[in-house]
Amino acid sequence: MIKSAKPLAATEPVWNKRAAFNRREAIAFYLCISPWLIGFVVFVAGPMLASFLLSFTRWDYFTPIKWVGTRNYERIMEDEAFWTSLRVTFTFAALYVPLSQIISLGVALLLAQKIKGVSFFRTIFYLPAILSGTAYVVLWVWLFEPDKGLINNLLDGLGIKGPRWLSDPNTALYALVIMSLWGLGSSLITYIAGLKGIPEQFYEAAELDGAGKFGRFRYITIPMLSPTIFFNLVLVLIQTFQSYTTAAVATGGGPLDSTLFYLVYLYRRAFVNQEAGYAAALAWILFIIILLFTLLVVRSSSAWVYYENEAGKERRK
Amino acid sequence: MRGLFGKRFAAEAIPLSGTRSWRRIGGLFVIYTVLAVGSLLYILPLVWMFLTSLKPSYQVSSPDWLPDPFEWSNYPRSFTYTGLDFGKLYLNSFVITILNVVGTMVSSTFVAYGFARLRAPGKNLLFIVLLATMMIPFPVTMVPTFALFNFLGWIDTLLPVIVPAFFGNAFNIFLLRQFLMTIPIEFEEAARIDGANTPQIIFRIMMPLILPAEAAVAVLTFQNTWNDYLTPQIYIRDQSLYTVAQGIRFLRGSINPQWELMMAAALLAMLPVVILYLLAQRFFIEGITLTGIK
């Protein structure tokens, strides 16, 4: 037995060495990613599970947790403020998402040109995007001031009586859309990058084939840019559903709940009323809505997003 | 196996070829006009903000653009007028922001290196999980995370807004990984033969090679942390621990707003990100454009 095992021994060390190397590399891998892995368990997976369970309870962070089954979800369905916040958030997203994408794509088309001073213009258009936050919102509250603000001053100059913007329930949400459009620079940058990545030969070839400016835009720019459009769309959609600071600072959700963003309402329930269970249920509903919309965009993307690498092979339909 | 998007993204993260230049003068004229008008619209709010911040209080309601006289003392006055000590708030914000930047950069680079270079069972699945976490909205984890920090007794300390940064950030990990994939493997093989260990390879070889990406991560983290309002608002109620963002929000809540002082304070609050952005702009744009987001 021992003898018959001997011939194997010659190959054994080699095999062992490789196994040891692999094991060492695997250990190095897990050591390297351990910060993220621990963070994932403690700050993502754990809290997600906890928040799912919490959504079936009543809890105020202090007294014992009480299991209430689906009561929270039932109460939410009858909660008028919930429906208001949903309507406000959807209206805001329906206006902001397409407008921001159209404007930033339009500006990106200009800024992707090889012209003098283009980086200067890029800086200006991108500047507001880096200012996002409470200072940004406070500036806009000042601009929207009905009597002394810049916007109504300018409108006055044109002989138009400006609205009361943030203090009028009919205009407050639109004011927030305008306010947010000022800071659309991050989509702009990715669009410029996407445009710059389109090979020039494509345009030259199209021009030889007799395509005009519009033709080139429609048949080259848009398909080649569709992955970028898709990327921005998903990102902006997810962010928009979670808008908080704009409304929280500018209007606090008012007047008359006309700017009650979903997250503003959620924050109120979670930390002002201290209804942890109810807030967790609200969060899960938001999660499902975001997930559905993302899936919708992802699903639809196969119809309109064109990936260069798949050309020639199977073009997904 | 190079992971989910690795191959394609790496292949595309090649220097950009410019688009074709507009040859006709007329076209140029139109472009410049549109850009000039557009950028005027974009810069006007900041000009108005600056001018308001210099107006004497009796002049704030006037539609005139120029202050008369220029009231530079608005700036020092804006630091204390509501009882908040903005000097202290700046210190808080700087401590939080710097630690977030350092924590995110170091931890994200290690994780990114692992995903870009090392082989191990379960890696691909973990990478998919990492990408999926980018989709999880903050509100879902918000309440239990608060409960956790509350349990640990961390409410009204700076810990809840600093510690999580040291566990990496999915987006930055992804961005850095895309960059690391483009670095030829020979660089680190040579270093390994010379006896360098993994941390040495990461700090001495990889980090300098992917400097534009690291700069982008630093600027983005600085900007997000500096501007963040919701997170500190959840954990910090003690006014002496407020961040600048919370301080500005506090001014907004005052019953009798003094706009000239508020604009001065808001402008000062914006200044650090603007300065950093202008300094890092070159790296930053390069970092974003080269990540191959397309």
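Proteins get letters first, then strands, A, B, ... in listed order; numbering begins at 1 in each. As the structure is a computational prediction, the values presented were derived from the model and not from experiment.
In this structure, no portion of A/Ala45 lies under 4.5 Å from any heavy atom of chain B. Contacts of B/Leu276 with chain A are absent, with no heavy-atom separation under 4.5 Å from either backbone or side chain. Looking at B/Val274, the atoms closer than 4.5 Å to chain A (heavy atoms on both sides) sit in the backbone and in the side chain alike. With a 4.5 angstrom heavy-atom cutoff, B/Pro121 touches chain A via backbone and side-chain atoms both. No part of B/Leu267 comes within reach of chain A, as not one of its non-hydrogen atoms sits under 4.5 angstrom from that chain. With a threshold of 4.5 angstrom between heavy atoms, A/Ala129 approaches chain B through N, CA, C or O but not through any side-chain atom. Contact annotation for B/Phe149: only side-chain heavy atoms (C-beta onward) come within less than 4.5 Å of a heavy atom of chain A. Using a 4.5 Å cut-off between heavy atoms, B/Thr198 touches chain A through its side chain atoms alone. Proximity to chain B (any heavy atom under 4.5 Å) is shown, for A/Ser132, by both the backbone and the side chain. If you measure heavy-atom distances from B/Ile173 to chain A, the contacts under 4.5 Å come from the side chain alone. For chain B, no part of A/Ile229 is nearby; none of its heavy atoms comes within less than 4.5 Å. If you measure heavy-atom distances from A/Tyr244 to chain B, the contacts under 4.5 Å come from the side chain alone. Heavy atoms of B/Thr52 lying under 4.5 Å from chain A belong exclusively to its side chain. With a 4.5 angstrom heavy-atom cutoff, A/Thr123 touches chain B via backbone and side-chain atoms both. In this structure, chain B has a heavy atom under 4.5 Å from the side chain of A/Leu127, while its backbone stays farther away. For B/Trp226, no part lies under 4.5 angstrom from a heavy atom of chain A. Contact annotation for A/Glu145: only side-chain heavy atoms (C-beta onward) come within less than 4.5 Å of a heavy atom of chain B. Looking at B/Thr133, only its side chain comes within 4.5 Å of chain A, counting heavy atoms on both sides. At a 4.5 Å heavy-atom cutoff, A/Leu237 makes no contact with chain B through either its backbone or its side chain. With a threshold of 4.5 angstrom between heavy atoms, B/Leu148 approaches chain A through side-chain atoms but not through N, CA, C or O.
For the residue pair B/Ala120 and A/Tyr30, the shortest heavy atom distance occurs at CB-CE1, 3.9 Å. Between B/Ala147 and A/Tyr61, the shortest heavy-atom distance links the atoms CB-CD2, 4.4 Å. Scanning all heavy atoms of the two residues, the minimum distance from B/Pro63 to A/Asn153 falls at CA-ND2, 3.6 Å. The minimum heavy-atom distance linking A/Glu25 with B/Arg117 is given by the pair OE2-O, 3.8 Å. The heavy-atom pair separating A/Ile290 from B/Pro137 by the smallest distance is CD1-CG, 3.8 Å. A/Pro47 and B/Pro144 get closest at one heavy-atom pair: O-CG, 3.2 Å.
When side chains are defined from C-beta on, B/Arg252 does not count as touching A/Thr134, because their heavy atoms never get closer than 4.5 Å. Side chains of B/Pro139 and A/Leu263 form a contact here, defined as non-hydrogen atoms less than 4.5 Å apart. At a threshold of 4.5 Å between non-hydrogen side-chain atoms, the residues B/Leu46 and A/Leu139 count as touching. A heavy-atom distance below 4.5 Å is found between the side chains of A/Val138 and B/Met263. Two residues are said to be in side-chain contact when any heavy atoms from C-beta on lie closer than 4.5 Å; B/Val111 and A/Pro35 meet this criterion. Considering only heavy atoms from C-beta on, A/Trp36 comes within 4.5 Å of B/Val129 through its side chain. The shortest side-chain heavy-atom distance between A/Tyr267 and B/Gln233 falls under the 4.5 Å cut-off. Inter-residue side-chain proximity for A/Val234 and B/Met135 is flagged as met; some heavy-atom pair is nearer than 4.5 Å.
Side chain of A/Gln242 to main chain of B/Phe138: a donor-acceptor pair is present (N/O by atom type, distance under 3.5 Å, no hydrogens or angles).
Expressed to the nearest 0.5 Å, how far CG of B/Leu126 lies from CD1 of A/Ile33 amounts to 4.5 Å. From A/Ile130, atom CD1 reaches atom CG of B/Asn227 across 8.5 Å, with rounding to the nearest 0.5 Å. Atoms OG1 and CE, on B/Thr145 and A/Met48 in that order, are 11.0 Å from each other to the nearest 0.5 Å. Interatomic distance, CE of B/Met49 versus CG of A/Leu131, reported as 8.0 Å (0.5 Å rounding). One distance of note links CD1 of B/Ile136 with CZ of A/Phe40; it measures 6.5 Å at 0.5 Å rounding. Summarising the geometry, atom OG1 belonging to B/Thr33 is positioned 10.5 Å from atom CG belonging to A/Leu110; distances are rounded to the nearest 0.5 Å.
In terms of non-hydrogen atom pairs under 4.5 Å with chain A, the most contact-rich of B/Leu35, B/Val143, B/Ile248, B/Thr141 is B/Leu35. Listed options A/Val44, A/Ile124, A/Val249 were ranked by heavy-atom pairs under 4.5 angstrom with chain B; first place goes to A/Val249. Of the listed residues (A/Thr294, A/Leu225, A/Val141), the one with the most heavy-atom contacts under 4.5 Å to chain B is A/Val141. The residue among A/Ala280, A/Gly252, A/Ala50, A/Ser51 with the most heavy atom pairs within less than 4.5 Å of chain B is A/Ser51. Each of B/Ala112, B/Pro199, B/Gly253, B/Ala245 has some count of heavy-atom pairs under 4.5 Å with chain A, and the biggest count is that of B/Ala245. Of the residues considered (B/Phe110, B/Trp259, B/Phe151), B/Trp259 shows the highest number of contacts with chain A, using heavy-atom pairs under 4.5 Å. Heavy-atom pairs under 4.5 Å with chain A peak, among B/Ser39, B/Gly168, B/Gly38, at B/Ser39. Each of B/Val60, B/Val34, B/Asp228 has some count of heavy-atom pairs under 4.5 Å with chain A, and the biggest count is that of B/Val60.
Ring-plane geometry between B/Tyr42 and A/Phe125 is classed as tilted, the angle between the planes lying from 30 to 60 degrees on a 0 to 90 degree scale. Aromatic ring pairs are classed by plane angle as parallel below 30°, tilted from 30° to 60° and perpendicular above 60°; the pair A/Trp142 and B/Trp48 is parallel. Between B/Tyr32 and A/Phe121, the angle of the ring planes lies from 30° to 60°, which puts this pair in the tilted group.
Counting heavy-atom neighbours within 6.0 Å of A/Phe52 CZ, excluding the residue itself, gives a total of 12 or less.
By the side chain to side chain donor-acceptor pair (under 3.5 Å) test, B/Tyr229 pairs with B/Arg249, sequence neighbours left out.
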